[in-house]
Amino acid sequence: MVYRRFFIPFDWKTYFVVLLVLSLGVLTIYSAVYNPVHSNRTGLSLYMKQAIWIFLGMGIFWTAVFVDYRLFLRYAYVVYAVGVFLVVL
């Protein structure tokens with residue numbers, strides 16, 4: 001169940017501006033790498049890779065929005081220690 005309290009304080013204008021900028025980025029990459037001669041090659045093109053990362057990022061974003069922030073506070077030191085360990089590694 002999605003509660004209404006999650007959507008009331010959300011800044012929808014900024015969210016849609018970010019979506020617009022992301023869309024323009026994918027469009028720019030598409031126009032830079034488009035080649036009609038080699039359009040049926042195998043593999044993912046750069047703009048499709050960018051779109052996949054955008055969708056994955058949006059999924060992580062919405063997961064973080066709906067998770068209670070106290071859960072992040074509870075595990076903040078663990079996440080910080082793992083991050084420092086990965087930087088040193």
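On a predicted model such as this, the values are computed, not experimentally measured, just so you know.
- Applying the side-chain hydrogen bond (donor to acceptor under 3.5 Å, both in side chains) test to Y30 and every residue at least two apart in sequence or in another chain returns nothing.
- Other members of the hydrophobic cluster containing V88, listed by chain and number, are Y80, V84; membership follows side-chain contacts under 4.5 Å among ILVMFWY residues, whether direct or relayed.
- For residues 70-89, every residue pair satisfying the salt bridge (charged side-chain N to carboxylate O under 4.0 Å, His left out) rule, not counting sequence neighbours, is listed here: D68-R70.
- Note on F85 and Y75: separate hydrophobic clusters, where clusters join Ile, Leu, Val, Met, Phe, Trp and Tyr whose side-chain heavy atoms are under 4.5 Å apart, directly or indirectly.
- When the side-chain hydrogen bond (donor to acceptor under 3.5 Å, both in side chains) test is applied to T14, the partners found at least two apart in sequence or on another chain are D11.
- Clustering ILVMFWY residues whenever any of their side-chain heavy atoms sit less than 4.5 angstrom apart, transitively, puts I52 in a cluster other than the one holding L27.
- Grouping the Ile, Leu, Val, Met, Phe, Trp and Tyr side chains by contacts below 4.5 angstrom, directly or via other members, places I54 with L56.
- Not counting sequence neighbours, the partners of L20 by the side chain to side chain contact (heavy atoms under 4.5 Å, CB included) test are L24.
- In this structure, CE in M58 is found 5.0 Å from CG in L22, a value given to the nearest 0.5 Å.
- In this structure, I60 CD1 and F55 CZ are separated by 14.0 Å, a value rounded to the nearest 0.5 Å.
- In this structure, V79 is not a member of the same hydrophobic cluster as F61, with clusters built from ILVMFWY side-chain heavy atoms closer than 4.5 Å.
- Think of V87 as one node in a network of Ile, Leu, Val, Met, Phe, Trp and Tyr side chains linked at under 4.5 Å; it has no links at all.
- Here CD of Q50 is found 10.0 Å from OG1 of T28. Values are rounded to the nearest 0.5 Å.
- If you chain together hydrophobic residues whose side chains sit under 4.5 Å apart, V21 and W12 never meet in one group.
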